[in-house]
There are 2 protein chains.
Amino acid sequence: MNVVTTIGQVREQVKAWRQAGYSIGLVPTMGYLHEGHQSLMAAAKKDNQKVIVTIFVNPIQFGPSEDLASYPRDLERDKIACEKMGVDLIFCPTASEMYDANFNSYVDVNGLTDALCGKRRPGHFKGVCTVVTKLFNITQPDRAYFGQKDAQQLAVIKRMVSDLNFDIEIIGCPIVREADGLAKSSRNSYLSECERSAAVCLYQAIECANAMIKQGEKSVTVITKAMHNLIVNQPLAKIDYIEFVDLASLTSVDRLEQDSLCALAVYIGKTRLIDNFIYQHH
Amino acid sequence: MNVVTTIGQVREQVKAWRQAGYSIGLVPTMGYLHEGHQSLMAAAKKDNQKVIVTIFVNPIQFGPSEDLASYPRDLERDKIACEKMGVDLIFCPTASEMYDANFNSYVDVNGLTDALCGKRRPGHFKGVCTVVTKLFNITQPDRAYFGQKDAQQLAVIKRMVSDLNFDIEIIGCPIVREADGLAKSSRNSYLSECERSAAVCLYQAIECANAMIKQGEKSVTVITKAMHNLIVNQPLAKIDYIEFVDLASLTSVDRLEQDSLCALAVYIGKTRLIDNFIYQHH
């Protein structure tokens, strides 16, 4: 496994792989890798002859009051995880390698970023789209892998790739969960023992919604209210949002009569966690 | 020479060329080709084994009151011009091939687009950067050729390519002029005979500025005033702007003490023409 920090080093390796006719899979991450990332690496490994993992805590996707400085980092542990998964190349640049002093170009997707996290984190998806565009252009992969846990991000990236004609297949991979249902996330490391117990309320709300849907409930108001009540019972939890949106357009839905995404964001203490599930209409 | 209208057809051809190891040069145009475009094609032909010309009047770079509907088009004549220059592939898509109904992704460069034409044509460079990103991703060239006549566009594209890590060399080609000095432009076709005579005032203003600079004049105010006086003497002309800016940042300069761009935009009747020259500081 090769670990490089400069764009030039990646280009050199990719060029050699391209000339040898190898297919390339990209797993873009912010590091502090967990089983969710590992499932992306495994999918990339299965589909491609070479796998690149990028590890970069992208400053421009964090708001001024967000957790850029405290975001967890452990490159040595990440290297071991990548090595175990058979990754071929890690690209872990510095911020100045990615953004020079005169940097001033941005990629943005309108519409899809108006709801959910986009509404609460202005500029977040612009930062994501910009860094993903850069990583696509640097690594020139055949396929790129993103977690369904970040459902809005996945939808936005797919739209961007289609709109801007990137010749890259975007593959979404299922949410990986802890034994009690908590979605794997690097930010789970922020949680105290008490908060960790409380954090299961996101998954419980999802389970509750799924049970109601199975029983035939179609009203988003009724389902959301039940999810809301379940979470507010947990004193350490504070709801940021619980929303049902159309799976394609991410615009609000009132009744479950089309393929929909139910997404929620909840603060557990100071830690903002997200989770979601997809409702498939039959 | 192959003439295609769909993205899929371009990808197929580019893939075959890539597999054969050919280098590819791209000349993006809005058609109605003139000697300026031909000089770009000649440069592309010299540097690359295959040359793609795109012909697309990009709707999203026109403002609501601009000349999208009347922009001159003559695909049959353009094909002959490309054939003569040894072009290998023309890509001339429809607007709906380039922008589907849900299209919502944009690329923008801040800062460089605040001055000159960017200031007068809000959204113009966002439209340019977006379509150029799409054309880059569709044609995947080694090199792309742009005219120095659109000096701000060239600076913006270079910045975008550097910021977003496109693996493409951007080559600017000198302004091609008519015998009397008027810069070649598809929009010159709008000019009546009377207006065509008047249009030489842009070049006369540039010649006047260059003569003053040769005589040692450093004051932008003094030079701009002389250019202004020369153009206002022409009754068919109405100045949009005459500006001197730093060649790299495109921010205003007061004195010629650094590499600078002098750019001007002048209405001749209803037709907006642009021209420019570069001052190299020694």
Side-chain angles (χ1 to χ4, degrees), chain A residues 6-8 10-12 14-15 18-19 21 54 60 91 93 97-114 118 123 125-126 128-140 142 155-168 246 248-251, chain B residues 6-8 10-12 14-15 18-19 21 54 60 91 93 97-114 118 123 125-126 128-140 142 155-168 246 248-251:
Chain A
T6 71
I7 293 163
V10 180
R11 288 213 194 281
E12 202 178 330
V14 166
K15 203 172 188 176
R18 283 276 163 233
Q19 278 170 356
T54 63
I60 69 166
F91 175 46
E97 177 71 7
M98 291 293 277
Y99 300 110
D100 75 30
N102 294 316
F103 182 90
N104 227 340
S105 303
Y106 295 92
V107 183
D108 207 359
V109 175
N110 298 338
L112 291 184
T113 57
D114 293 345
F125 286 113
K126 188 176 180 175
V128 169
C129 288
T130 302
V131 80
V132 168
T133 292
K134 286 170 66 68
L135 293 171
F136 283 174
N137 285 341
I138 293 166
T139 63
Q140 299 176 25
D142 298 281
V156 167
I157 297 291
K158 279 183 173 170
R159 181 82 252 165
M160 176 186 87
V161 163
S162 167
D163 283 352
L164 299 182
N165 307 103
F166 285 96
D167 194 13
I168 300 172
D246 177 79
S249 66
L250 305 190
T251 51
Chain B
T6 73
I7 292 164
V10 180
R11 288 212 194 285
E12 203 177 327
V14 166
K15 204 172 187 176
R18 284 274 165 235
Q19 278 169 358
T54 63
I60 69 167
F91 175 47
E97 176 71 6
M98 291 294 278
Y99 301 109
D100 75 30
N102 294 315
F103 182 91
N104 228 338
S105 303
Y106 296 91
V107 183
D108 207 359
V109 174
N110 298 337
L112 291 184
T113 57
D114 294 344
F125 285 112
K126 188 175 179 174
V128 169
C129 288
T130 301
V131 81
V132 168
T133 292
K134 287 169 66 67
L135 293 172
F136 283 175
N137 285 341
I138 292 165
T139 62
Q140 299 176 27
D142 298 280
V156 167
I157 296 292
K158 280 185 174 172
R159 178 84 252 164
M160 177 187 87
V161 164
S162 166
D163 283 353
L164 299 182
N165 307 105
F166 284 97
D167 194 13
I168 300 171
D246 177 78
S249 66
L250 305 190
T251 52

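Here is the naming used below: chain letters follow the sequence lines, and residue numbers restart at 1 for every chain.
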For residues 103-114 of chain A, the side-chain hydrogen bond (donor to acceptor under 3.5 Å, both in side chains) pairs (sequence neighbours left out) are A:S105-B:D163
When the 4.5 angstrom heavy-atom criterion is applied to A:Q140 and chain B, the contacting part is side chain
All heavy atoms of B:V107 vs all of A:L164, minimum pair found to be CG2-CD1, 3.9 Å
Looking only at B:N102, B:I7, B:T133, most heavy-atom pairs under 4.5 Å shared with chain A are made by B:N102
Taken in chain and number order and not counting sequence neighbours, the residues that satisfy salt bridge (Lys or Arg N to Asp or Glu O under 4.0 Å) with B:D167 are A:R11
Within 6.0 Å of CD in B:E97, more than 12 heavy atoms from elsewhere:
yes
d(A:N137 CG, B:I168 CD1) to nearest 0.5 Å is 7.5 Å
